[in-house]
Amino acid sequence: MAVQACACIKHKHRYCSMLLCRYGLGQIYTKQEKHTEALVHFELAAKINPSSSVLRCCCGIALKKMGRLGEALTQLKAAIAIDGRNPLARFEVAGVLVALDRCHEALAELQQLQEIVPREPAVHFLMGRVHKRLQQPEAALAALNTALDLRPSAADRAAIKAAIDKVHLAEDEEDEEL
């Protein structure tokens, strides 16, 4: 009996090591912006632990970076199905929905996310951008000002201020300004 327990522990340890190795390699490739390679390792890790919301989220982010938005949305929604309170997965879903020009769905996702992380400036910033796209300047300004009030980093603060300055510009006017 003890021998079987030891074999089981060794077997479990090997899977744990492989999982961590694959996840770690995926993170390294992500930092190097080698998203195809990162995806391979995240998918292999997800096969070892299919109930990991984090691994599904990593797969979705890699797919998003590769421009495979439909597949990214599927993976990110799978991450949310596993853990409905995964803030990164919800934020990334909102970003993919915005990229797919599904702004009303993105706004609904951001409102759910706001309940999970109410003091996250990036959530309010993205909400402001979505409201602007939906031609709701007052709501956009409110969200962007809330993002500023939450004390974002200096770089984020500059981006938020720039977005506030552009709220009343039309999309085509904004493109000309760049």
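What you see below is based on every heavy atom in this structure, not just the backbone, and it leaves out hydrogens, waters and symmetry mates.
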Please find the pair of heavy atoms, one from [X] and one from [Y], that lie closest to each other, and give the distance.
X	Y	value
Pro87	Val117	CB-CG1, 4.1 Å
Ile116	Gly84	CD1-O, 3.8 Å
Ala94	Ala106	O-CB, 3.6 Å
Ala72	Gly60	CB-O, 3.3 Å
Ala140	Gly128	CB-O, 3.4 Å
Pro152	Pro121	CB-CB, 3.9 Å

Euclidean distance, [Y] [atom2] relative to [X] [atom1], rounded to 0.5 Å:
X	Y	atom1	atom2	value
Ile61	Leu39	CD1	CG	11.5 Å
Leu20	Leu25	CG	CG	11.0 Å
Ile48	Leu19	CD1	CG	5.5 Å
Gln114	Leu107	CD	CG	9.5 Å
Leu148	His124	CG	NE2	11.5 Å
Ile160	Arg129	CD1	CZ	11.5 Å

| field | Pairs flagged by salt bridge (charged side-chain N to carboxylate O under 4.0 Å, His left out) wherever residues 136-159 is involved - sequence neighbours left out | value | none

| task | For residues 23-35, pull every pair meeting salt bridge (charged side-chain N to carboxylate O under 4.0 Å, His left out), keeping only residues two or more places apart or in separate chains. | result | none

| said: Can you confirm whether Gln32 is buried at CD, in the sense that more than 12 heavy atoms of other residues, nucleotides or ligands lie under 6.0 Å from that atom? | reply: yes

| note | The complete set of side-chain hydrogen bond (donor to acceptor under 3.5 Å, both in side chains) pairs with one or both residues in residues 76-100, sequence neighbours excluded, reads Ser53-Asn86, Lys64-Glu92, Arg90-Glu109, Arg90-Gln112

| remark: Residue set satisfying side chain to side chain contact (heavy atoms under 4.5 Å, CB included) with Leu141, at least two apart, ordered chain then number -> Asn145, Ile164, Val167, His168

| field | side chain to side chain contact (heavy atoms under 4.5 Å, CB included) partners of Val54, counting only residues at least two apart | value | Tyr23, Ser52, Cys58

Joint cluster assignment, [X] & [Y], ILVMFWY side-chain distance < 4.5 Å:
X	Y	result
Leu144	Val130	no
Val123	Phe125	no
Val93	Leu100	yes

| said: Set out, in order, the CA-CA distance, both residues' side-chain angles and the distance that settles side chain to side chain contact (heavy atoms under 4.5 Å, CB included) for Ile80 and Leu76, then state yes or no. | reply: CA-CA 6 Å; Ile80 292 170; Leu76 292 165; 5.5 Å; no

For [X], all residues meeting side chain to side chain donor-acceptor pair (under 3.5 Å), sequence neighbours excluded:
X	value
Glu120	none
His131	Gln136
Asn49	Ser51

Determine which pairs satisfy ring pair (Phe, Tyr, Trp, His ring centres under 6.0 Å) with at least one residue from [range], sequence neighbours left out, and list them in order.
range	value
residues 41-95	Tyr29-His41
residues 50-82	none
residues 58-89	none

| With sequence neighbours left out, what residues match Glu105 under salt bridge (charged side-chain N to carboxylate O under 4.0 Å, His left out)? | Arg102

| Side-chain heavy atoms of Thr74 within contact of Leu63, under 4.5 Å | no

